[in-house]
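One-based numbering, in listed order, for ligands and for the atoms of each.
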Amino acid sequence: MSESAKKPESLEDSITVLSGVGEKRAQALNALGIFTIADLLEYFPFRYDDLAAKMPTATQDGEKVTFKGIVSSEPIMIRMGYKKSRLTFNILIGQENIKVSFFNQPWLKEQIKLENEIAVYGTYDAIHQSLAAMKLIQQTTDSLAGIYPASKAVQAKTIQGLIEQAYGKYHQLIEDLIPIPLQEKYRLLNRQTMIRDMHFPNDMTAAHAARRSAAFEEFFLFQMNLQLVKMADTKNHGRSIEFDNQQVQAFIKTLPFELTAAQKKVVNEIAFDMKRPLHMNRLLQGDVGSGKTVVAAIEAYAAATAGMQTAIMAPTEILAQQHAKSFGKFFAAIPDIRVELITGATKAAARRQVLADLVNGEIDMIIGTHALIQDGIEFHNLGLAIIDEQHRFGVKQRAVLREKGMNPDILAMTATPIPRTLAITAYGEMDVSIIDQLPAGRKPIETRWLKTDAYDQAIDFMRQQIKAGAQAYIVTPLIEESEALDVQNATAIYEELADFLAPDIKVGLLHGRMKNDEKDAVMQKFKANEFQVLVATTVIEVGVDVPNATVMLILDADRFGLAQLHQLRGRVGRGDKQSYTLLLADPKTQYGKDRMDIMTKTTNGFVLAQKDLELRGQGDILGQKQSGMPDFKVGDPVADLKMLEIAQQEAITIITQPNWDSVQMNAALVQYLSNRMARYRNLD
Ligand SMILES: Nc1ncnc2c1ncn2[C@@H]1O[C@H](COP(=O)(O)OP(=O)(O)OP(=O)(O)O)[C@@H](O)[C@H]1O
């Protein structure tokens, strides 16, 4: 029996069962991600052409429209060369005669008969009362025609025809995935109706209702998968870190400052998670200078009281050294804690000794760059991995560790504010702890936006601050995708300023092309106030702690993203002196002006990050593949954030019910999830 005569069995049937889908067309559809009947039925149009016939008087010039009328003149065919032709005729609509022209579709002439009623779809030219026709409309119901993403190999019209065929043959097999109580609670369409109205809506109201249900379903399925993966990770790879709370509290008392309430909150959240016999995969988010490092030190100490080792990894050697210095300070009074640093600069003999002591358990905390645990370094008993400025420690990276028999609890730290949209999608597998408070005595950084012609004023302001004992950063413009130009720019500005500010103000230069030890030397000099102004590219955006630097001057500030500006701003305000950030920018667009405005209005990283997403829109996030954003087809994770949160909540409610997956109502959902999870898995 030929494939096309095959009885429809399941939505997972191959599309080759459809008539008109041979080898070649199947490949073309596969290239669009369409393999099964389900894929085809879920291949939704991205917009609709309104095929409902209209009157010419109600139609704008240039509008795409359907006209229905009586053929009032014999069709005339003019051939213009081998493949070009023009078919023209008039149709009478009410009292109006509209001239219709079809280009390069000579075969339509047979269907145009004098005095017949026809409907044509095309672009209206109100001046000449003519229609540049695109297609004849067979049935002039006032339906909408879905417009599908297509390719050179397969046209949208063909896809639409195949969907019609698939829906006709398989619609009875479409089962509900969203449990009925949720459908009723959120007034959602059942799945069969949703799919029908996504493809063949009678009007825009029906199309909107279908789209709302399709978006909810997409978010709900994504969240079901996310929560199932998260549950599997926590359950299957769990271990408990039985730390000694008394010792931890005693250690906290030795710190040179009182923890903020926010720090205390996250210390407890993280410690509780470590103690649970479940795998911890947690993200600690806190603005720059909010005190994440000391929280990390406390958790590492807790692990040590449980006889476990901690690996602390930073993105750069400068930061690794900074953490080693901070940890050295924190544990100076705790003799039985041994902290070691490994970087590219570590001498071979010292490295060998450290690695040997690591394996025999002599070392409690090892600090290095992100390469630390990839470099085949062995531990005695690694209990906790702390990764600084690593937003996601993905499934793959965790698997690498597990393969080495290491299954540490994970604490990722970031100063980059994670907007809510990303927190419940790209980072949905992680629990998030937030330090939303700065240490006491910190004054909010004053941020001013100046036009670039106020450069001299900005330099004067900086000089006054330096005369009063402060130091300053000057960040030079980011030149798109060209580090070489960035460096050239920074160097030019450095030379000009060094000359201009001499002799009483010394200037230094820091950029990404310098070797690590050169960068270190410059930072040490700046920290020691050997020079008062540091001209830099964005290399300073992560982690360097110079409390005496209280002025941040950013040139061409509108070339930087909000998150980056926020990071740069965070390099000042590390002490208790009033700090200032001056943004020099002449944005040309309203969007650019809005961004400068919002920077002067808030120092809250969250507000900035979510605002940044809203200003840039979903397209940009989806462009940030590295953020792990799934490519949602219908829902907009920024605009539909509320729906996304509801879908998350409902998914958690369902899978935390015991034996949820054996409840009859969820059978189709469980089957669907097992069939098609590759599509919804978070990207690593
Ligand atoms: N509760 C506190 N009270 C006073 N000072 C604190 C407190 N917590 C941390 N600090 C100090 O504030 C400075 C910044 O702390 P820390 O480096 O931990 O911030 P951070 O969030 O890690 O910054 P970054 O994002 O740049 O790494 C450090 O000198 C630290 O010792």
Side-chain angles (χ1 to χ4, degrees), residues 249 251-268 270 282-301 310 312-333 339 365 367 369-370 386-391 411-418 432-445 473 475 523 526-527 534 536 538-550 552 563-577 579 581 603-606 608-609:
Q249 294 310 326
F251 167 61
I252 290 174
K253 286 197 175 57
T254 69
L255 292 172
F257 43 70
E258 175 70 21
L259 292 181
T260 61
Q263 283 173 311
K264 286 174 185 161
K265 174 172 74 71
V266 297
V267 161
N268 292 335
I270 297 165
R282 187 167 283 269
L283 178 66
L284 173 58
Q285 199 280 328
D287 269 354
V288 284
S290 57
K292 296 184 291 296
T293 311
V294 68
V295 169
I298 293 168
E299 306 304 353
Y301 180 72
T310 299
I312 298 101
M313 291 154 280
T316 63
E317 302 214 338
I318 294 189
L319 262 177
Q321 284 153 13
Q322 183 149 303
H323 285 323
K325 209 171 294 159
S326 306
F327 274 56
K329 247 179 10 189
F330 295 139
F331 295 108
V339 184
M365 302 163 199
I367 299 173
T369 64
H370 287 173
I386 299 176
I387 311 106
D388 191 12
E389 284 309 327
Q390 165 89 19
H391 303 158
L411 179 64
M413 299 198 298
T414 179
T416 309
I418 305 296
V432 182
S433 287
I434 297 163
I435 304 181
D436 51 6
Q437 179 185 13
L438 287 174
R442 294 285 169 82
K443 296 186 182 70
I445 300 163
Y473 295 101
V475 175
M523 279 322 300
F526 187 54
K527 247 181 146 96
L534 181 60
T538 52
V539 283
I540 55 162
E541 71 184 11
V542 254
V544 182
D545 203 2
V546 184
N548 194 43
T550 58
M552 166 64 69
Q564 201 164 27
L565 288 173
H566 181 70
Q567 295 266 46
L568 290 169
R569 174 163 63 184
R571 298 292 36 101
V572 294
R574 313 283 296 206
D576 46 14
K577 285 189 223 148
S579 291
T581 295
T603 55
N604 178 319
F606 276 93
L608 282 175

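- Ligand 1 places these atoms under 4.0 Å from at least one heavy atom of Thr260: 1 (N).
- Atoms of ligand 1 found under 4.0 Å from any heavy atom of Ala415, numbered from 1 in the order shown, are 25 (O).
- A tilted orientation is assigned to the rings of Phe327 and Phe331, their planes being inclined by 30° to 60°.
- Using a non-hydrogen distance threshold of 4.0 Å, Glu258 registers as a contact of ligand 1.
- The shell of residues lying under 4.0 angstrom from ligand 1, judged by heavy atoms, includes Arg571.
- Listed by number with element, the atoms of ligand 1 under 4.0 angstrom from any heavy atom of Asp287 are 21 (O).
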Subject >> Stepwise salt bridge (Lys or Arg N to Asp or Glu O under 4.0 Å) test for Glu258 and Lys264 >> reply: CA-CA 10 Å; Glu258 175 70 21; Lys264 286 174 185 161; 2.7 Å; yes
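- Shown here are the ring pair (Phe, Tyr, Trp, His ring centres under 6.0 Å) partners of Phe330, two or more places apart in sequence or in another chain: there are none.
- At under 3.5 Å, not a single nitrogen or oxygen of Asp388, backbone or side chain, sits near a nitrogen or oxygen of ligand 1.
- Considering backbone and side-chain atoms alike, Lys329 places every N or O at 3.5 Å or more from each N or O of ligand 1.
- Of the possible polar contacts, none joining the Lys265 side chain to the Thr260 backbone as a donor-acceptor pair under 3.5 Å is found.
- Contacts between Met413 and ligand 1, counted as non-hydrogen atom pairs separated by less than 4.0 Å, are absent for every part of the residue.
- Below 3.5 Å of separation, one finds an N or O of Arg442 facing an N or O of ligand 1.
- When only interatomic distances are considered, the shortest N/O to N/O separation between Gly291 and ligand 1 falls below 3.5 Å.
- Within the structure, ligand 1 lacks Gly286 among the residues with a heavy atom less than 4.0 angstrom away.
- Between Ile367 and Ala320, the closest heavy-atom pair is CG2-O, 3.5 Å.
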